[in-house]
Number of protein chains: 2
Amino acid sequence: MDAVTVASGNAGIIANEASANTTQREAEFDELRLSGACDAAAETSAIIRDMLDRVADKWSLLIIGALSEGPRRFSALHKSVPGISQRMLTHTLRNLERDGLVSREVFAEVPPRVEYSVTELGETLIVPVSVLARWAVVNRDTILAHRDLYDARQDAGL
Amino acid sequence: MDAVTVASGNAGIIANEASANTTQREAEFDELRLSGACDAAAETSAIIRDMLDRVADKWSLLIIGALSEGPRRFSALHKSVPGISQRMLTHTLRNLERDGLVSREVFAEVPPRVEYSVTELGETLIVPVSVLARWAVVNRDTILAHRDLYDARQDAGL
DNA sequence: CTGAATCCCATACGATACTG
DNA sequence: CAGTATCGTATGGGATTCAG
């Protein structure tokens with residue numbers, strides 16, 4: 001871990017060089033990061049938590065992932081994201097649209113057709129999501145093994 | 001987006017070169033990815049969702065973040081993660097320990113002392129988390145702006 | 001086809017009080 | 001200090017039904 005540790009809390013974790021997601025807004029980012037370590041730690045934690053609550057729910061990232069390959073209509077998306085209910089697909093798409101991460105285009109046809117696609121802002125999420133998804137796939141077996149081991153020890157300890 | 005798109009679903013999103021998180025397990029990863037596009041799409045989605053459910057809850061990532069700077073004892077962690085209740089701190093730490101992401105060391109002293117630290121496996125999570133945290137901080141304002149705009153249009157549409 | 005509306009359950013989470 | 005136990009609320013999310 002070659003991170004530049006700041007003070008305490010969750011400010012340090014975002015200060016390392018992740019070698020990805022380089023945008024034109026990093027100036028603002030650095031400004032925020034340096035605006036006093038103690039305050040920023042709590043504030044940054046809140047920011048991360050807020051954004052995470054919005055984007056790291058059960059379906060948002062998977063929808064972004066499915067949409068990252070190109071525009072999809074509602075029913076196609078329904079199939080591309082296995083296990084999602086109609087209700088949650090609608091709901092999650094609305095939230096993503098509200099946050100400007102996906103755009104919704106309605107075609108005045110019959111039968112009605114609605115296409116969803118990731119916006120430019122949504123595109124910026126794809127790299128972070130990819131990294132996390134990659135981690136999930138690579139480390140799944142290891143985590144499951146640890147979990148089983150832990151549970152076995154618990155049972156033995158009774 | 002220069003991702004190598006595979007077929008459909010969420011297999012493609014993890015196939016791009018994110019230039020990060022290069023581990024010795026990538027062989028397994030590639031094997032899994034190529035084990036049939038259609039099946040793998042659904043299976044990969046499930047994997048991502050499972051891991052995300054475990055790690056993307058309200059506190060796990062923040063605790064990992066706080067711990068990434070070095071070992072911390074329970075009370076210090078309680079301060080480092082603003083807003084968390086002791087109940088959730090205990091609960092989340094147990095889950096992280098169960099998954100092998102953090103380790104717990106008890107010192108037989110009085111007063112009792114318990115130190116938590118990220119494991120080697122937990123370290124591998126820090127880069128993905130950093131990337132996502134960075135994204136959250138950088139794009140927060142933009143998202144809030146979109147949200148306000150959307151809500152304003154909704155109110156006007158009534 | 002694309003949703004919106006309703007019902008209902010499981011659980012995540014916080015507050016509080018108690019223990020070794 | 002580092003938890004455990006119990007309670008209550010809020011929310012997520014599935015199943016089903018209705019509508020444009």
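Note that the structure is a prediction, hence the values are computed from the model and not measured. First the proteins, then the strands, lettered A, B, ... as listed; each starts at 1. Reckoned from all heavy atoms, side chains included, excluding hydrogens, waters and symmetry mates.
Taking for each of B:Y116 and A:P112 the nucleotide of DNA chain D with the nearest heavy atom, the 5'-most of the two is the partner of B:Y116. Taking for each of B:R87 and A:Q86 the nucleotide of DNA chain C with the nearest heavy atom, the 5'-most of the two is the partner of A:Q86.
Comment: A:D53 does not engage B:K58 in a salt bridge, judged by the lack of any side-chain N to carboxylate O separation of less than 4.0 angstrom.
Heavy atoms from other residues, nucleotides or ligands lying under 6.0 Å from CD of B:E109 number more than 12.
Between the A:S80 side chain and the A:L77 main chain, no donor and acceptor come within less than 3.5 Å of each other.
Nucleotide C:dC13 holds its P atom 12 Å from the CG atom of A:L52, rounded to whole Å. Rounded to whole Å, atom C1' of C:dT2 lies 13 Å from atom CZ of A:R113. In this entry the distance linking CG of A:D57 with P of C:dT11 reads 18 Å, nearest Å. Between the CG atom of B:L89 and the C1' atom of D:dT4 there is a distance of 14 Å, given to the nearest Å.
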Q.
Pair B:S60, B:D57 - check side-chain hydrogen bond (donor to acceptor under 3.5 Å, both in side chains), show working.
A. CA-CA 6 Å; B:S60 291; B:D57 59 20; 2.8 Å; yes

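Note that CD1 of B:I47 and CZ of B:R49 are 11.0 Å apart. Values are rounded to the nearest 0.5 Å. Interatomic distance, CG of B:L121 versus CG of A:N139, reported as 5.5 Å (0.5 Å rounding).
Look at B:S75 and you'll find a side-chain N or O under 4.0 angstrom from OP1 or OP2 of D:dA2.
Of the listed nucleotides (D:dG14, D:dC1, C:dG14), D:dG14 has the atom at the smallest distance from the side chain of A:M88. Proximity note for B:T90 (side chain, C-beta onward) versus C:dT2, D:dG13, D:dT4: the nearest is D:dT4.
Looking at residues 94-107 of chain B, you'll see B:R94, B:R104 sit with a heavy atom under 4.0 Å from some atom of DNA chain D.
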